Chemist: 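Here it is: the structure, laid out below.
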Amino acid sequence: MTKMEKKLSVKDLTISFRTTNGKVQAVRGIDFELNKGETLAIVGESGSGKSVTSKAILGILAGNSIVEGGEIIYDGKDLLKISEEDFHKIRGDKIAMIFQDPMSSLNPIVKIGRQLTEAMILKGKARQKESKINFNATLAKLNAAMADAIANGDAAKAKALEEKCKNFDKFEYKHIELESAYNIAHEGAIEANEEAKQLIFEIEKNGANDLKYRLGAIKRDALDSVHTYVVDAKKAEITKAANELLPIFASCKKSGDYSPLIAPLSSIRDITGEAMDLPAPNFFALGYFYTFGNGQKLPDMPVPELNSYLRKYLDDNFMLGFIADAKQGLMLSANKAYDKKVEAIKALKEHRDVFCAENLDKKACLEAHKLMSVAVNESIDRLELIKDSFAYTFEVGVKADIEKYFTSIGKNAKEEARYAKEQAKYEKMVAAGKSPDWKVKPAALTSLEQVKKNILNQIDRLIAHYEEALANRENRDFDKETVAMIDYLKANASGVVHKVTPDMAKHKAIKLMEEVGIPEPRKRYKQYPFEFSGGMRQRIVIAIALAADPDILICDEPTTALDVTIQSQILELINKIKDERQLSIIFITHDLGVVANMADRIAVMYAGKIVEYGTADDIFYDSRHPYTWALLSSMPDLDTEEKLDAIPGTPPNMIYPPKGDAFAARNKYAMVIDFEEQPPMFEVSESHYAATWLLHPDAPKVEPPKIVTDRIARMQGKGGNDNA
């Protein structure tokens with residue numbers, strides 16, 4: 001089985017909210033993972049904890065929230081413990097969200113175009129800065145590792161390797177310069193082409209306006225475009241056409257006949273059209289050729305052939321040797337880290353018992369944490385591109401829980417004293433024959449045992465993780481990792497030059513509007529949200545979410561406010577975008593039917609817990625939890641003839657969560673144990689788990705409701721599980 005890349009990992013997440021009536025336990029120890037390119041659906045009734053989970057991932061929980069435990073790991077960071085400044089780099093950029101009501105997500109008095117481009121420009125500047133830091137820091141670390149692996153103390157060899165890295169940096173600088181000029185020119189060609197086509201159409205229909213301003217913009221963009229490779233060959237022709245625009249306009253003003261403008265505009269349209277479709281040169285290889293090619297003339301050949309020639313020139317003269325040296329550096333860095341992992345495991349096991357005491361000692365805990373953290377930090381391979389989330393978050397995560405433990409001792413004492421005082425006052429009033437019009441707010445206590453458990457879980461998990469890494473150390477593909485390292489450096493070098501100008505942002509916004517199915521995007525770009533239908537507004541919100549090219553897209557009931565036909569269109573659009581962009585999606589809904597044909601895996605939530613978890617086929621064709629059966633029984637389809645089943649009762653009051661299975665009071669299959677003890681998560685298969693006592697070996701055998709089994713049989717009879 002191919003091991004999938006994890007994009008997000010949620011472990012034992014527990015969140016409550018302070019209210020005037022007490023502490024509401026909204027999310028209670030949930031776990032799930034999101035892999036690259038998959039859709040995870042989180043399904044459940046309102047109040048089950050779905051949206052709270054998504055808001056915790058984005059760091060936008062309400063001010064009265066209490067994160068009582070757990071982790072949300074993304075890119076080597078625990079999102080529950082990073083600063084707001086660090087979150088600002090992730091929120092809306094790496095992780096984006098589509099909310100339920102599109103109108104509440106859009107500013108009603110700002111045009112759609114500005115709302116689409118504003119974030120692009122701001123995030124573009126931040127990405128440029130981040131790319132520069134990443135490139136310089138990674139190349140310096142790689143240089144040091146190569147010197148350790150190859151020079152072995154030989155100053156001359158170390159100097160030669162340093163020179164190689166400097167040469168890499170030097171031609172990357174040329175790469176950046178060339179690509180930057182090309183980007184400006186290419187965007188100019190696109191803008192000039194689009195505007196020229198639009199203006200020709202309007203002139204032919206006698207509907208052109210703002211001509212002087214628009215012709216000036218076309219002239220500027222056309223002249224910017226002369227550094228692309230097709231346009232550069234026709235520099236004189238396009239320059240002549242661009243410079244003719246305004247004089248022709250001036251001569252046509254009196255007559256009002258602007259048809260003479262069509263000829264130069266057509267020339268601009270045709271030449272820039274060629275430039276738009278031209279494959280881009282390999283700027284990385286081109287940078288090396290211009291820097292170290294000893295003044296050779298660039299061969300005159302089509303771009304695909306030129307790219308092959310440049311790549312071979314680069315490989316023969318520099319890159320193959322650099323890759324071989326880089327591979328040795330990466331291998332040495334990894335092996336050093338493996339040796340340090342052995343020491344880290346020893347330190348973790350040696351100091352673990354400090355956190356097993358009935359009452360923790362603060363000084364001993366802090367000292368143990370310091371010694372363990374030093375060992376863990378030294379064991380991290382800083383040249384690994386996919387960060388080891390367990391190791392990177394260990395120091396901060398354990399420190400936060402230690403502080404929480406000792407802070408909570410005082411807070412718990414104050415809460416208990418407050419509760420005792422209010423309870424005594426309440427009882428005194430009752431004893432005096434009065435009927436108080438208020439209730440005693442339950443004590444909001446932090447479980448010290450749970451905090452200790454969180455600390456021990458982090459230690460044990462890292463030990464197991466390191467032991468697994470050591471067992472698999474011989475299976476690493478360093479050839480593949482070296483190529484990935486070079487690609488990473490190249491990508492960050494390109495990121496430095498991808499400055500997002502207002503014109504570039506406008507062009508991207510229009511392309512995004514086309515991608516999400518907005519008709520006449522150039523016209524719509526200048527409109528306000530109230531001029532769009534509900535479905536179109538949701539498409540705009542999706543376009544805004546995609547503007548920063550996120551890794552993860554969270555869809556929080558994005559179809560609830562839409563009619564059935566528009567729902568289907570939005571779901572198809574999200575599926576299409578996921579496949580095209582290899583996005584990882586978390587789709588939150590109360591309706592299982594909505595995700596039937598789009599979810600790869602489904603987590604069913606009830607009363608703050610995940611009660612069933614599996615693939616879409618597992619949930620729709622082999623569900624095991626009575627709550628999942630209830631959801632399926634209430635889901636209409638075109639072939640169901642019998643009356644749908646409603647789920648009886650209401651969800652429990654989570655200020656006072658039930659002692660046993662939270663669904664027991666509404667479950668017609670409930671047993672005595674359901675009211676006494678929470679069921680564990682039973683394994684149905686490698687991909688399928690359910691928290692119900694019905695899966696216990698001693699439980700009676702219970703069949704799903706007839707409406708569910710009939711639907712399964714009907715769907716399987718129609719051709720298989722893809723018709724759920």
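Given the structure is predicted, the values throughout are model-derived calculations rather than measurements. Index from 1, following the sequence.
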Chemist: Are Lys166 and Glu162 close enough, and set up right, to give a salt bridge (charged side-chain N to carboxylate O under 4.0 Å, His left out), and what steps lead you there?
Modeler: CA-CA 6 Å; Lys166 283 183 178 179; Glu162 184 182 357; 3.7 Å; yes
Chemist: Do Glu274 and Leu278 come within less than 4.5 Å of each other through their side chains, counting heavy atoms only?
Modeler: no
Chemist: Strictly below 4.0 Å, N to O, side chains only: are Lys349 and Glu467 in salt-bridge contact?
Modeler: yes
Chemist: Take Arg581 and Glu515 through the test salt bridge (charged side-chain N to carboxylate O under 4.0 Å, His left out) and record every step on the way to the result.
Modeler: CA-CA 12 Å; Arg581 292 173 174 249; Glu515 184 180 352; 3.0 Å; yes
Chemist: How close do Pro279 and Val303 get, heavy atom to heavy atom, and via which atoms?
Modeler: O-CG1, 3.2 Å
Chemist: Which of parallel (below 30°), tilted (30 to 60°) and perpendicular (above 60°) describes Phe171 and Phe168?
Modeler: perpendicular
Chemist: Please examine the side chains of Phe390 and Tyr466, heavy atoms only from C-beta on, and report whether any two atoms are closer than 4.5 Å.
Modeler: no
Chemist: Using a strict threshold of under 4.0 Å (side-chain N to carboxylate O), is an ion pair present between Asp381 and Lys336?
Modeler: no
Chemist: Apply salt bridge (charged side-chain N to carboxylate O under 4.0 Å, His left out) to residues Lys453 and Asp460 and explain how you reach the verdict.
Modeler: CA-CA 10 Å; Lys453 178 185 173 185; Asp460 293 341; over 6 Å; no
Chemist: Does the pair Glu580/Lys576 count as a salt bridge with the N-to-O cut at 4.0 Å?
Modeler: yes
Chemist: Using a strict cut-off of less than 4.0 Å between a Lys/Arg side-chain nitrogen and an Asp/Glu carboxylate oxygen, indicate whether Glu367 and Lys370 qualify as a salt bridge.
Modeler: no
Chemist: Side chain to side chain donor-acceptor pair (under 3.5 Å) between Gln450 and Asn454: does it pass, once the steps are laid out?
Modeler: CA-CA 6 Å; Gln450 180 62 46; Asn454 290 344; 3.0 Å; yes
Chemist: Can a salt bridge be assigned to the pair Glu403 and Lys399 using a cut-off of 4.0 Å between side-chain N and carboxylate O?
Modeler: yes
Chemist: With a 4.0 Å cut-off on N to O distance, would you call Lys81 and Glu395 a salt bridge?
Modeler: no
Chemist: Search all heavy atoms of Ser54 against all heavy atoms of Ile554 and return the closest pair with its distance.
Modeler: CB-CG2, 3.7 Å
Chemist: Looking only at heavy atoms, what is the nearest atom pair of Phe289 and Lys297, with distance?
Modeler: CZ-O, 3.8 Å
Chemist: Determine the minimum heavy-atom distance between Gly70 and Leu80, stating which atoms define it.
Modeler: O-CD1, 3.4 Å
Chemist: Can you give me the closest heavy-atom contact between Thr393 and Asp78, atom names plus distance?
Modeler: CG2-N, 3.3 Å
Chemist: What do you reckon, is NZ of Lys164 surrounded by more than 12 foreign heavy atoms closer than 6.0 Å?
Modeler: yes
Chemist: Does Lys77 make a cation-pi contact with Tyr74 (under 6.0 Å, within 45 degrees of the axis)?
Modeler: no
Chemist: Salt bridge check, Glu84 against Arg91: does any charged N sit closer than 4.0 Å to a carboxylate O?
Modeler: yes
Chemist: Cation-pi check, Lys490 to Phe284: give yes when NZ or CZ is under 6.0 Å from the six-membered ring centre and within 45° of the ring axis, no otherwise.
Modeler: yes
Chemist: Assess whether a salt bridge exists between Glu71 and Lys11, defined as any Lys/Arg side-chain N lying under 4.0 Å from an Asp/Glu carboxylate O.
Modeler: no
Chemist: Is Lys94 paired with Asp551 through a side-chain N to carboxylate O contact shorter than 4.0 Å?
Modeler: no
Chemist: List the atom of Ala275, the atom of Ala189, and the distance in Å for their closest heavy-atom pair.
Modeler: CB-CB, 4.1 Å
